[in-house]
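These numbers come from the heavy atoms of this one structure, side chains and all, not from hydrogens, waters or symmetry mates. These numbers were taken from a predicted model, which means no experiment stands behind them.
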Amino acid sequence: MSNQAVARLAGINVGSPAPHPSADFGLIGLAVMGQNLILNGADKGFTVCAYNRTTSKVDRFLDNEAKGKSIVGAHSVEEFCAKLKKPRRIMLLVMAGKPVDDFIDALLPHLEKGDIIIDGGNSHFPDSNRRTKALAEKGISFVGSGVSGGEEGARYGPSLMPGGNEAAWPHIKDIFQSIAAKSDDGEPCCDWVGDEGAGHFIKMVHNGIEYGDMQLICEAYDIMKRGLGMPVSEIAEVFAQWNNGVLDSFLIEITRDVLRYNDDDGTPLVEKILDQAGQKGTGKWTAINSLDLGMPVTLIGEAVFARCLSAIKPDRIRASKLLGGPTPKFTGDKQAFIKDLEQALYASKIISYAQGFMLIQEAAKEYGWKLNKPSIALMWRGGCIIRSVFLKDITNAYRTNPNLENLLFDGFFNKAIHNAQDGWRNVVSKVALWGIPAPAFSTALSFYDGYRTESLPANLLQAQRDYFGAHTFRIKPEYANNNFPEGKDIHVNWTGRGGNVSASTYIA
Ligand code: 2AM
């Protein structure tokens, strides 16, 4: 083979003039998400350059889905970079982890200061923190962008959550906001999120919240099925009704449709599906991060654990034969209970989002990020899995007061949760008596009651810690005196004193 042929196989242009830089942005990674984002961009009037590690996929794409559209292709990283207008805007939609770093390394020799690399994959936010810093040192702007909405969203309007080097934003804003979903008010579901890995962080929390929303819906279904003894077809109609009210959302809508879907034998398919949940890890990341940051994001945690419990089906089968409990028996007004259940779901959802925003707020503090809070809820209003009418109220809350301490302190949500309380408590107490697990409903209520309690029993806990480990405690200001001064770490010898507190007390 000639040298030229070898070079051509390696994707190097030999003897032909450098390609004219015609593409508004480039995208690497031609799996379905990548292809759909390119097609979406072309529909919005942008010229897009496509590249993929396996270059045969570029040709296949150009000859099929991309035919006749403003889409060009490249067979090498070099050719790809040469086809992009400057500053170059390059989006990676490849597998998270090493492939992202490998592509960044391959791109760097062909880039110039001011060029922009966007990672639209499912990267963990610490990786995006690292990449933002490392690329800034080379004069390259890195953007880590959450992309949500699946294949359909990518094609017709995803929710986009970009964060990283803010210098990039003016150069990508038009493209991002054009291809993003629009809220029902016509606003693009995309805005600048914040520094470093903030975009991927917000996507992670979005996924955690998605876990929580799904778990709440599953608990409501289980309570109607086993607690109220309702057939699936009837439960579907309850979800249909809920979808016209405060719970109006994509997940309630698809639940309605799933429950209405019958197998060939005319029975609901959902009842035949094995009750073992899978997970890809973003809910777990959110739960781990909440533990790392010391934030009580309990509902997402319970949603992750509920999937874990479902996954140990063999254990559950054995336990179902050995461990007794009550048999659910509903008496009373079924319609009234269904109304209570709607309130329980609504209130628990408010708690879940309040917890999610507590985590986001703490992350901003911990990582030193400036976050665009009103826009976070806006970005979730359309295109993504948790899209809902409810997010409009959250957007309003943070637009009214961007420094809102807690979502529950907003007038609208304060009133909403207050009004939902009676129904919520009724449901949680009844299902406990019936022996139907409702970990998400229950933890939401426990959180609410804990959060609104001025004095928790952690006084006793501190005493226990000091007893067995001399971990010290502090005294309540109103009880401070010479023995127990305010604001000091105090240790008491809990066993070795004869009534004389001061003799066995020291101040650490
Ligand atoms: P491929 O088509 O060559 O496999 C989703 O899997 C996308 O990530 C695809 O575009 C895929 O390229 C790319 N990808 C997966 N693993 C990769 C790797 N190790 N290096 C580069 N690209 C990779």
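In this structure, the salt bridge (charged side-chain N to carboxylate O under 4.0 Å, His left out) partners of E196, at least two apart in sequence or on a different chain, are K133. For F250, there are no ring pair (Phe, Tyr, Trp, His ring centres under 6.0 Å) partners, not counting sequence neighbours. For F413, the ring pair (Phe, Tyr, Trp, His ring centres under 6.0 Å) partners at least two apart in sequence or on another chain are F390. Evaluation of the ring pair (Phe, Tyr, Trp, His ring centres under 6.0 Å) rule for H124 yields W285 as partners, not counting sequence neighbours.
Each of V58, T54, L93 was checked for a side chain to side chain contact (heavy atoms under 4.5 Å, CB included) with L30, and the lone residue meeting it is V58.
Residue pairs meeting the side-chain hydrogen bond (donor to acceptor under 3.5 Å, both in side chains) criterion with at least one partner in residues 287-308, sequence neighbours excluded, are N289-Y367, T298-Q355, T298-T443. Counting only residues at least two apart or on different chains, the salt bridge (Lys or Arg N to Asp or Glu O under 4.0 Å) pairs with a member in residues 149-159 are D43-R155.
A ring-centre distance under 6.0 Å is found for Y448 and W424.
Between K173 and D191, none of the side-chain N atoms (NZ, or NE/NH1/NH2) sits under 4.0 Å from a carboxylate O, so this pair counts as no salt bridge. We find that D24 and R88 are not joined by a salt bridge, their nearest charged nitrogen and carboxylate oxygen being 4.0 Å or further apart. Of the charged side-chain nitrogens involved, none lies within less than 4.0 Å of a carboxylate oxygen, so that R60 and E65 do not count as a salt-bridged pair. Note on D115 versus R89: no salt bridge recorded, every NZ/NE/NH1/NH2 to OD/OE distance being 4.0 Å or above.
Although no hydrogens or angles enter the test, the distance criterion places a donor-acceptor pair under 3.5 Å between the side chain of S348 and the main chain of A344. Judged by distance alone, with hydrogens and angles left aside, the side-chain atoms of N372 form a donor-acceptor pair with the main-chain N or O of W192 at under 3.5 Å. The backbone N or O of D127 sits nowhere less than 3.5 Å from a side-chain atom of S123 that would complete a donor-acceptor pair.
For the residue pair K392/N396, the side-chain donor-acceptor check at 3.5 Å is not satisfied.
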Verify salt bridge (Lys or Arg N to Asp or Glu O under 4.0 Å) between D449 and R452, making sure each step is shown before the conclusion.
CA-CA 5 Å; D449 284 333; R452 64 182 194 84; 2.9 Å; yes
